[in-house]
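Given the structure is predicted, the values throughout are model-derived calculations rather than measurements. Ligands are counted one by one from 1 in listed order, and the atoms in each one are counted from 1 as well. In this chain, residues are counted from 1 in sequence order.
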Amino acid sequence: MHKTQGVPGIGRIFLIGPRGCGKTTIGLLLASKLGANFWDTDLVLGEELGTSIADFVAREGWERFREQEHMALCHVLEKSKMQGPAVISTGGGIVLREDNRRLLQEEGLCLYLQTPVPVLAERLAHSPNADQRPSLTGKDMIEEIAEVLAARESLYREAAHNAIRADQSPENICAAIGDILSARAQTPHPNCP
Ligand code: ADP
Ligand code: MG
């Protein structure tokens with residue numbers, strides 16, 4: 001995809017998917033190609049918590065964490081409303097809350113970075129980033145990835161407008177997203193002839 005003037009016809013792109021599917025990596029690259037702003041709800045959340053995600057979860061529990069994550073998504077949305085086109089990467093569990101899924105569907109184009117379990121495991125093994133990625137189940141990594149993905153796959157599909165194969169190079173993923181944006185820009189609004 002070539003650098004364009006903003007995101008054609010779409011103010012906001014959300015990237016969703018499990019840990020390690022490349023939301024942060026692709027988000028940064030895509031935003032630079034589109035000349036759009038970039039936010040990552042995980043990074044904003046980390047700043048707002050003032051501690052690591054792992055520490056917060058250990059102290060306050062997952063439910064409180066999910067509330068804080070919802071607030072971080074709302075804050076990012078507010079900021080992006082003032083600042084033009086944006087690519088927004090999210091945390092892997094953002095789709096667990098129904099209110100988040102609705103925001104992702106209604107406030108922009110939501111793209112699911114679909115990635116096979118062995119690829120996720122390979123990537124996470126090389127960048128475990130344990131501080132930011134607390135174990136969700138306390139189990140062996142492959143088993144945990146497979147289990148968590150099985151539980152969330154339908155939620156990713158429910159929230160996303162499109163799924164993109166993310167077991168390819170970042171350049172090819174951005175090109176695939178560019179194709180989706182072009183196709184959407186050419187599709188007339190349902191109320192138009
Ligand atoms: P997420 O934000 O979805 O958890 P990251 O963007 O942090 O995922 O990526 C996790 C790891 O996988 C990083 O080491 C990153 O460099 C690598 N990675 C991400 N996308 C790709 C890709 N398309 N091909 C190869 N490696 C990737
Ligand atoms: Mg990330």
Side-chain angles (χ1 to χ4, degrees), residues 1 12-34 36-49 51-57 62 65-66 68-73 75-77 79-80 86-97 100-101 104 108-137 141-142 144-153 155-157 159-160 162-180:
M1 185 178 12
R12 212 174 280 121
I13 295 173
F14 297 106
L15 299 180
I16 64 169
R19 286 175 182 177
C21 72
K23 302 176 294 293
T24 301
T25 306
I26 302 304
L28 268 168
L29 182 62
L30 183 66
S32 96
K33 284 177 183 291
L34 294 171
N37 293 303
F38 173 72
W39 280 284
D40 188 319
T41 61
D42 264 354
L43 298 181
V44 171
L45 179 60
E47 281 163 23
E48 291 182 354
L49 295 179
T51 178
S52 75
I53 290 174
D55 274 356
F56 186 88
V57 170
W62 279 107
F65 172 77
R66 294 296 173 206
Q68 293 295 127
E69 185 178 48
H70 172 68
M71 293 310 295
L73 175 62
H75 294 155
V76 167
L77 274 171
K79 285 189 222 187
S80 76
V87 177
I88 298 171
S89 299
T90 58
I94 200 105
V95 294
L96 290 173
R97 282 177 60 131
N100 289 344
R101 295 198 296 279
L104 296 168
L109 176 68
C110 183
L111 304 175
Y112 168 33
L113 299 182
Q114 193 187 351
T115 317
V117 169
V119 175
L120 294 173
E122 171 77 11
R123 288 185 191 164
L124 291 178
H126 289 106
S127 84
N129 200 1
D131 223 27
Q132 290 301 311
R133 302 178 191 273
S135 169
L136 298 174
T137 61
M141 187 154 75
I142 284 244
E144 173 176 317
I145 291 168
E147 199 172 292
V148 172
L149 186 57
R152 293 182 181 170
E153 174 91 34
L155 300 179
Y156 291 130
R157 291 192 176 282
N162 295 80
I164 292 151
R165 281 192 51 180
D167 55 341
Q168 45 180 338
S169 72
E171 284 295 333
N172 286 353
I173 295 169
C174 286
I177 294 174
D179 290 344
I180 289 170

Numbering as shown, the atoms of ligand 1 that approach [X] to under 4.0 Å (heavy-atom distance):
{"X": "Pro170", "result": "22 (C), 23 (N), 24 (N)"}
{"X": "Pro18", "result": "3 (O)"}
{"X": "Gly20", "result": "1 (P), 3 (O), 4 (O), 8 (O), 10 (C)"}
{"X": "Ile173", "result": "23 (N)"}
{"X": "Arg19", "result": "4 (O)"}

Please work out whether any backbone atom (N, CA, C, O) or any side-chain heavy atom from C-beta onward of Ser89 is under 4.0 Å from ligand 1, and answer side chain, backbone, both or neither.
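For Ser89, no heavy atom sits under 4.0 Å from ligand 1.
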Between Gln168 and ligand 1, which part of the residue brings a heavy atom under 4.0 Å of the ligand: side chain, backbone, both or neither?
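For Gln168, only backbone atoms sit under 4.0 Å from ligand 1.
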Going by the rule side-chain hydrogen bond (donor to acceptor under 3.5 Å, both in side chains), which residues pair with Ser80 if we only count those two or more places apart in sequence or in a different chain?
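Only Arg12 meet the side-chain hydrogen bond (donor to acceptor under 3.5 Å, both in side chains) criterion with Ser80.
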How would you list, by chain and number, every residue that makes a side-chain hydrogen bond (donor to acceptor under 3.5 Å, both in side chains) with Glu48, sequence neighbours excluded?
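side-chain hydrogen bond (donor to acceptor under 3.5 Å, both in side chains) check on Glu48 returns His75.
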Give the C-alpha distance, both sets of side-chain angles, the deciding distance and a yes or no for side-chain contact (heavy atoms from CB on, under 4.5 Å) between Thr115 and Arg123.
CA-CA 11 Å; Thr115 317; Arg123 288 185 191 164; 4.1 Å; yes
Which option out of Thr24, Leu120, Leu113 puts a heavy atom nearest to atom 2 (O) of ligand 1?
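Selected option, by shortest heavy-atom distance: Thr24.
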Shortest non-hydrogen contact from Pro18 toward Leu120:
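For Pro18 and Leu120, the tightest heavy-atom pair comes out as CG-CD1, 3.6 Å.
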Check: Asn100 side chain, Ile94 main-chain N or O, donor-acceptor pair, under 3.5 Å:
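Pair found, side chain donor or acceptor close to backbone of Ile94.
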Out of curiosity, Ile88 CD1 to Leu73 CG, how far, rounded to the nearest 0.5 Å?
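So the gap between those two atoms works out to 7.5 Å.
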Rounded at 0.5 Å granularity, tell me how far CG in Leu28 sits from OG in Ser89.
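The CG atom of Leu28 sits 7.0 Å away from the OG atom of Ser89.
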Give a yes/no answer: is there an N/O/S atom of Thr24 under 2.8 Å from the Mg ion (ligand 2)?
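A backbone or side-chain N, O or S atom of Thr24 is under 2.8 Å from the Mg ion (ligand 2).
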